[in-house]
Asks: 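The structure under discussion is supplied below as structure tokens; questions concerning it will follow.
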Amino acid sequence: MTAVERTMKARWNAWWRRWPCWVARATMLWAVLYAGFGLVCVLSRISLLGPSGDSVASGLGWAVVAVGALAASVSAAVVRYGLRPALRVLLWTACGLAAVPAFGLLMDAITLTLGQGVDSVASAANRALAAAGAVLLAATARTDRRPGETAIPEPSAAPRLVQRAAWTGTLAFVPYAAMKLVWAYGGRFAGITGEEMLAVSERNGASGVFLALESWGLDPTALLAALGVFLLWGLVRPWGQVFPRWTMLLRGRRVPRWLPLAPALLGAATLAPYGVVGAGYLTLATAGVVTIRRGDFHSSGDALLVGWIGMVAFAVYGVALTVAAHSYWLRTRPACR
């Protein structure tokens with residue numbers, strides 16, 4: 001590392017350690033931009049619910065304006081008067097309101113990774129902006145943590161109960177991955193063959209990358225499930241805090257906290273509620289209270305079977321990811337000397 005690189009790194013570290021001094025201003029800037037985004041959507045009659053949400057486009061746009069205005073006024077008050085107890089409450093309230101539309105951001109990231117387009121650019125932008133705002137608002141609510149000298153804890157494994165949760169989340173994905181691989185290799189499951197599933201994916205607008213992987217016997221969602229399990233175990237094992245030997249050039253270096261926590265928190269906030277709510281709906285469908293549509297399957301029973309396999313996997317894994325992320329957060333939290 002050259003002298004210039006060392007100087008730049010030192011300046012960056014010094015600026016980053018002083019985040020309580022500038023994060024409120026960054027939040028205020030975000031809030032103004034977010035409110036402006038909502039106002040543009042209202043005036044242009046752009047739906048934030050996708051192609052089918054035109055009837056409530058105006059209402060959601062005004063909701064975005066309201067959240068942005070609330071966040072702007074509260075963060076401006078923090079800049080002017082400092083963090084007061086009442087302002088902290090308002091910050092956490094705005095954070096919760098911003099986190100609600102961020103739901104589904106993980107699905108957008110997955111579709112973009114597989115080369116597919118999102119259903120609505122405006123709704124995807126709203127989710128991304130809302131997620132960024134939720135992080136900034138939460139950080140602003142913690143600005144009473146003034147910069148100071150900290151000690152980085154030694155790498156450690158999660159408690160045994162947390163590791164059991166990781167095993168549960170891993171095993172929950174086994175039926176889901178097996179079902180997907182059966183279809184990817186051309187087999188039949190739930191009354192539908194792999195060729196039929198490939199045709200369904202193509203009819204639903206799957207990208208060329210997705211279809212190519214399917215034709216090679218590699219289901220993209222099963223691969224993403226494997227990456228999710230890898231993330232889960234990185235959160236509970238010491239190699240998730242220090243790069244292991246097989247990372248070659250990175251081995252021995254500390255893993256930045258945000259690197260596993262960012263996708264873990266995003267995944268937990270998406271998959272856990274999605275799986276739990278979906279499982280509740282499937283419970284009502286199984287009891288005959290509601291009717292489940294068969295969709296691309298030959299019967300409602302087949303659709304119900306596939307739905308249970310998917311929702312159980314998402315719900316159990318999402319809860320396990322939440323537990324593991326919380327444990328990782330506590331074990332890697334710097335301690336003031």
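Computed from heavy atoms alone, side chains included, the values below leave out hydrogens, waters and symmetry copies.
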Asks: Quick one: pull up CD1 in Ile309 and CE in Met179 and give me the separation to the nearest 0.5 Å.
Replies: 5.0 Å
Asks: Please evaluate residues Tyr317 and Tyr176 with respect to the criterion ring pair (Phe, Tyr, Trp, His ring centres under 6.0 Å), reporting the C-alpha separation (whole Å), side-chain torsions for both, the decisive distance (0.1 Å), and the verdict.
Replies: CA-CA 11 Å; Tyr317 174 81; Tyr176 178 82; over 10 Å; no
Asks: Could you pull out the closest heavy-atom pair between Gly191 and Glu196, with the gap in Å?
Replies: O-OE1, 4.2 Å
Asks: Can you confirm whether more than 12 heavy atoms, excluding those of Leu227, are under 6.0 Å from its CG atom?
Replies: yes
Asks: Are Leu83 and Trp22 connected, step by step, through hydrophobic side chains (Ile, Leu, Val, Met, Phe, Trp, Tyr) whose heavy atoms are closer than 4.5 Å?
Replies: yes
Asks: Identify the two heavy atoms, one from Pro273 and one from Ala268, that lie closest to each other, and give their separation to 0.1 Å.
Replies: CD-O, 3.5 Å
Asks: What's the spacing between Thr322 OG1 and Leu271 CG if we round to 0.5 Å?
Replies: 9.0 Å
Asks: Taking all non-hydrogen atoms of both residues into account, name the closest pair between Val162 and Ala324 and its distance.
Replies: CG1-CA, 4.0 Å
Asks: Nearest heavy-atom pair of Val323 and Ala165: which atoms, and what distance?
Replies: CG1-CB, 4.3 Å
Asks: Are there over 12 heavy-atom neighbours, none belonging to Arg254, within less than 6.0 Å of that residue's CZ?
Replies: yes
Asks: Would you say that Val64 contacts Asn126 through its side chain, given a criterion of any heavy-atom pair below 4.5 Å between the two side chains?
Replies: yes
Asks: Can you find a pair of side-chain heavy atoms, one from Trp62 and one from Leu39, that are under 4.5 Å apart?
Replies: yes
Asks: What's the separation between atom CZ in Arg245 and atom CG in Leu250, rounded to the nearest 0.5 Å?
Replies: 15.5 Å
Asks: Going by atom types alone, do Thr286 and Trp308 pair a side-chain donor with an acceptor below 3.5 Å?
Replies: yes
Asks: Given 3.5 Å as the limit, does a donor-acceptor pair link the side chain of Arg331 with the main chain of Leu235, or not?
Replies: yes
Asks: Can you get from Val276 to Leu304 by hopping between Ile, Leu, Val, Met, Phe, Trp and Tyr side chains that sit under 4.5 Å apart?
Replies: no
Asks: Is there a path of hydrophobic side-chain contacts, each under 4.5 Å between heavy atoms, that joins Trp329 and Val236?
Replies: yes
Asks: Are Trp258 and Val135 linked, directly or through other ILVMFWY residues, by side chains that come within less than 4.5 angstrom of each other?
Replies: no
Asks: Say whether Thr140 and Ser75, considering side chains only, have a donor N or O and an acceptor N or O under 3.5 Å apart.
Replies: no
Asks: A side-chain contact here means heavy atoms from C-beta on lying under 4.5 Å apart; do Tyr281 and Met311 qualify?
Replies: no
Asks: Can any side-chain N or O of Ser327 pair as donor or acceptor with the backbone N or O of Ala158 at less than 3.5 Å?
Replies: no
Asks: How far does CG of Leu321 sit from CG of Leu232, to the nearest 0.5 angstrom?
Replies: 6.0 Å
Asks: Specify whether Phe230 and Trp239 have parallel, tilted or perpendicular ring planes, treating 30° as the upper limit for parallel and 60° as the lower limit for perpendicular.
Replies: tilted
Asks: Assign the ring pair Trp183 / Phe297 to parallel, tilted or perpendicular, where the plane angle (0 to 90°) is split at 30° and 60°.
Replies: tilted
Asks: Tell me the closest heavy-atom pair linking Ala24 and Val79, and the distance in Å.
Replies: CB-CG2, 3.7 Å
Asks: Between Trp246 and Arg251, is there a cation-pi geometry (under 6.0 Å to ring centre, at most 45° from the normal)?
Replies: no
Asks: So Thr143 and Val23, do their side chains get closer than 4.5 Å, heavy atoms only?
Replies: yes
Asks: So, Trp30 side chain and Ala72 main chain: donor-acceptor pair closer than 3.5 Å or not?
Replies: no
Asks: Does Gln241 use its side chain to pair, donor to acceptor, with the backbone of Thr332 at less than 3.5 Å?
Replies: no
Asks: Would you say Tyr328 has more than 12 foreign heavy atoms packed within less than 6.0 Å of its OH?
Replies: yes
Asks: Verify, without hydrogens or angle tests, whether Arg84 (side chain) and Leu87 (backbone) share a donor-acceptor contact under 3.5 angstrom.
Replies: no
Asks: Quick one: sort the Trp233 and Trp167 rings into parallel, tilted or perpendicular, breaks at 30° and 60°.
Replies: perpendicular
Asks: Looking only at the side chains, is there a donor atom on one of Gln163 and Arg237 sitting less than 3.5 Å from an acceptor on the other?
Replies: yes
Asks: With the side chain counted from C-beta on, respond yes when Val229 and Phe173 share a heavy-atom pair under 4.5 Å apart, and no when they do not.
Replies: yes
Asks: Is there a donor-acceptor pair closer than 3.5 Å between any side-chain N or O of Ser44 and the backbone N or O of Cys41?
Replies: no
Asks: Donor-acceptor check, side chain of Ser73 to backbone of Leu70, threshold 3.5 angstrom: yes or no?
Replies: yes
Asks: Quick check: do Ile192 and Met197 have side-chain heavy atoms less than 4.5 Å from each other?
Replies: yes
Asks: Just wondering, do Ser300 and Arg294 contact through their side chains at under 4.5 Å, heavy atoms?
Replies: yes
Asks: Let me check something: do Leu90 and Val32 share a hydrophobic cluster, defined by ILVMFWY side-chain heavy atoms less than 4.5 Å apart, either directly or through other members?
Replies: no
Asks: Please say whether more than 12 non-hydrogen atoms of neighbouring residues, nucleotides or ligands are located less than 6.0 Å from CG in Leu249.
Replies: no
Asks: Locate the shortest heavy-atom distance separating Pro101 from Arg127; write the atom from each residue and the value.
Replies: O-CG, 2.8 Å
